[in-house]
Undergrad: 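One structure follows; several queries about it will come next.
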Amino acid sequence: MCGITGYIGQQEVVPVLLGALEKLEYRGYDSAGIAVLDNGELLVRKAKGRLAVLAERLVGERIGGTLGIGHTRWATHGEPSDINSHPHTDVSGRIAVVHNGIIENYARLKEWLQARDVVFRSDTDTEVIVHLINYYYRSPPEPGVAPGGILAAVLAALKRLEGSYALAVVAGDFPDRLIAARKDSPLIVGLGKGENLIASDVPALLSYTREVYFLKDRELAVLYRDHVDLFTDQGERIHRAPSHVDWDVESAEKGGFAHFMLKEIHEQAKALADTLRPRLTDPTGAAGGAMDITFDEIKLDPSWATAPRVVMTACGTAWHAAMVGKYAFEHFARIPVEVDIASEYRYRNPVLQPQDMFIVISQSGETADTLAAMRLAKQGGMRILAITNVVGSTLSREADLVLYTWAGPEIAVASTKAFTTQLMCIYLLALKLGRLRSHLSDEEYRRYLAALTCIPTQVEGVLGKKDLIQRFASRQFNKNKVFFMGRQFDYAVSLESALKLKEISYTHSEAFAAGELKHGPIALVDENTLVVAIATQETLFDKIASNIREVTARGAASLVITWEGEGAFASIADEVFTIPKTEDSLSPLLSIIPAQLFAYYCAVQRGNDPDKPRNLAKSVTVE
Ligand code: F6R
């Protein structure tokens with residue numbers, strides 16, 4: 001996730017761009033940059049670090065101009081640096097582009113352009129876009145066809161892109177226009193008087209206008225000072241009336257959601273698609289190939305596939321992702337897995353075996369205990385694979401291999417989209433290793449991959465029923481004990497569900513492996529207890545049904561989270577919340593969503609601010 005903006009009008013553009021970027025900084029803050037057309041000259045200024053670093057650099061520079069674009073970055077391809085910051089320019093320095101999204105086929109496009117003598121300066125996926133535009137601007141796609149100007153060049157370049165983009169283009173030869181386009185990343189056009197703007201999000205536009213076009217996928221806008229033209233990505237004109245925005249600035253910053261946490265829960269479908277899609281070859285079968293997993297960013301050398309053991313370590317939510325990983329690696333790849341909390345691992349004199357695979361998981365990549373555990377394993381000669389959300393984080397720099405979760409910045413303290421995207425990375429690794437180790441047949445492998453491709457839509461389906469969870473929370477939020485229970489994958493999800501609830505609602509909540517109930521926890525169950533059973537492992541339905549009877553017989557209220565169409569629990573639980581059917585072993589990607597929503601709505605009912613839970617910090621960088 002990054003923030004992009006652009007302006008064409010009468011005002012001096014630099015302060016306009018910096019003001020808009022400030023409003024977009026929550027979308028990314030590892031670097032920022034602007035490109036401005038000043039007296040026919042395209043000036044680009046960019047800097048690693050927060051927007052303030054760029055603003056500081058611009059102090060004392062006299063940059064005029066009334067047309068420009070800006071970007072605030074959350075690195076995906078290429079670590080945070082001046083050179084990887086946007087805008088990116090073509091070889092002549094006459095065209096500049098800012099981009100939010102992921103170009104999935106950038107490696108192939110880069111090779112194609114390099115074969116045409118294009119020299120790349122950055123490690124970003126975005127740079128291919130500006131070189132493609134320049135290529136089509138200088139040399140029309142069909143021999144004998146006259147150049148069609150900058151719009152035709154952008155249209156031709158877009159045809160080559162796979163993945164997601166919201167982008168803005170300015171060109172020195174066209175000082176009267178700014179071109180913007182979107183697919184699968186947000187982009188809004190603001191309509192002013194004698195001025196027009198674009199931004200990734202509404203708050204950046206509100207000081208100028210409330211009349212907007214919410215660009216739809218595969219639409220382009222050409223902004224002039226006095227009007228805006230809309231097109232399809234086939235170049236056909238679109239006519240529609242603008243929308244009026246009446247949000248206040250604060251709710252606009254949260255995309256209309258009451259809290260960042262709720263917004264991030266809703267972003268999971270997209271975040272999961274972003275994490276999955278670039279790693280699948282031919283997901284639709286359109287290229288006639290068989291679907292497979294490729295990790296462009298890491299080379300899994302053959303010794304990883306023969307590693308005798310996987311060791312996983314992390315803290316908090318990321319540790320729960322590792323718990324899911326234990327079941328996933330054992331199930332798909334038949335590798336023994338050891339999972340440990342990083343603060344335990346670092347002090348317990350673990351047995352370090354260099355041939356093992358060490359996986360470390362951290363949203364921030366800066367958690368002190370997680371880094372210490374990783375360094376210990378490294379000293380012991382183990383090879384480190386990190387799963388993290390932050391490009392350029394300490395973890396990403398020190399690990400041997402890095403698999404990124406493309407979740408975008410997570411603002412709310414309680415982790416949601418980072419967790420599900422961590423799960424996605426784990427599943428991809430476990431499935432790939434399962435295939436390499438020949439524990440999965442071709443048919444099984446493809447079946448699981450096909451199931452993964454359905455997950456983002458299924459997440460939307462779960463979110464579509466959030467009112468049911470909200471109503472349930474409004475009846476149960478006052479319970480003073482909430483226990484989550486499940487078996488196997490469902491136990492791992494129970495751990496995460498209990499953590500979510502306790503950290504934002506301050507309700508005493510715990511998770512139990514359901515089979516452990518009789519060994520102690522059931523002594524706590526009474527009429528003031530809510531028990532949430534997660535039941536997605538079909539072979540264990542009878543067992544979990546008995547556990548539910550045991551707690552309801554002692555007066556507990558009960559909720560079961562299970563598959564759509566599953567009737568086994570209707571007569572024994574107070575409430576059943578169903579999720580769309582996927583493979584039992586992939587269920588955590590879906591079953592955690594109602595639990596996240598439940599925690600959120602309980603916190604709100606209790607009058608807490610879910611985004612800023614008491615005593616907690618987003619990143620625990622000290623012991
Ligand atoms: C819970 C939560 C924390 C973090 C933990 C590790 O919602 O956010 O438990 O998961 O502090 O943080 P990272 O993943 O940044 O290492």
Side-chain angles (χ1 to χ4, degrees), residues 74 259-265 267-268 271 275 312-325 339-346 358-375 384-399 402-426 484 492-507 509-511 588 592-593 595-600 602-603 608-623:
W74 178 259
H259 297 98
F260 279 111
M261 183 180 175
L262 190 59
K263 179 168 180 269
E264 288 163 7
I265 289 173
E267 281 168 358
Q268 288 179 107
T275 304
M312 299 174 94
T313 185
C315 297
T317 288
W319 171 60
H320 298 151
M323 287 294 287
V324 174
V339 175
D340 209 346
I341 296 167
S343 56
E344 288 293 306
Y345 188 85
R346 66 181 288 196
F358 190 89
I359 301 182
V360 57
I361 308 174
S362 171
Q363 186 283 131
S364 60
E366 301 295 350
T367 301
D369 284 322
T370 308
L371 292 175
M374 179 204 50
R375 287 170 186 152
I384 315 292
L385 189 154
I387 297 177
T388 184
N389 196 34
V390 182
V391 178
S393 58
T394 308
L395 186 62
S396 75
R397 292 197 308 271
E398 294 187 16
V402 187
L403 206 54
Y404 289 107
T405 50
W406 300 137
E410 199 177 54
I411 309 281
V413 168
S415 191
T416 53
K417 61 178 181 169
F419 176 69
T420 42
T421 53
Q422 285 161 359
L423 297 187
M424 186 58 92
C425 287
I426 285 166
F484 291 84
V493 174
S494 298
L495 289 166
E496 174 58 7
S497 306
L499 177 67
K500 281 294 85 87
L501 187 65
K502 71 174 73 133
E503 64 185 335
I504 57 170
S505 77
Y506 318 142
T507 309
S509 60
E510 297 297 337
I592 189 58
I593 312 253
Q596 293 169 340
L597 288 165
F598 180 66
Y600 170 80
C602 285
N608 304 344
D609 179 350
D611 285 345
K612 297 193 191 77
R614 68 185 181 200
N615 308 338
L616 294 177
K618 181 69 185 155
S619 209
V620 186
T621 54
V622 288
E623 250 194 282

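Counting starts at 1 for both ligands and their atoms, in listed order.
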Undergrad: Quick one: ring-ring contact (aromatic ring centres under 6.0 Å, His included) partners of Phe419, sequence neighbours excluded?
TA: none
Undergrad: Scan side-chain atoms only and decide if Gln268 and Thr416 contain a donor-acceptor pair under the 3.5 Å cut-off.
TA: no
Undergrad: Residue by residue, ordered by chain and number, which ones reach under 4.0 Å of ligand 1 with a heavy atom?
TA: Cys315, Gly316, Thr317, Ala318, Ser362, Gln363, Ser364, Thr367, Val413, Ala414, Ser415, Leu499, Lys500, Glu503
Undergrad: Calculate, to the nearest 0.5 Å, the distance between atoms CD1 and CG belonging to Ile504 and Asp611 respectively.
TA: 9.0 Å
Undergrad: Test of understanding: with side-chain hydrogen bond (donor to acceptor under 3.5 Å, both in side chains), list the residues that count as partners of Lys263, not counting sequence neighbours.
TA: Glu267
Undergrad: Quick one: ring-ring contact (aromatic ring centres under 6.0 Å, His included) partners of Tyr600, sequence neighbours excluded?
TA: His259
Undergrad: Any side-chain donor-acceptor pair under 3.5 Å between Ser509 and Lys500?
TA: no
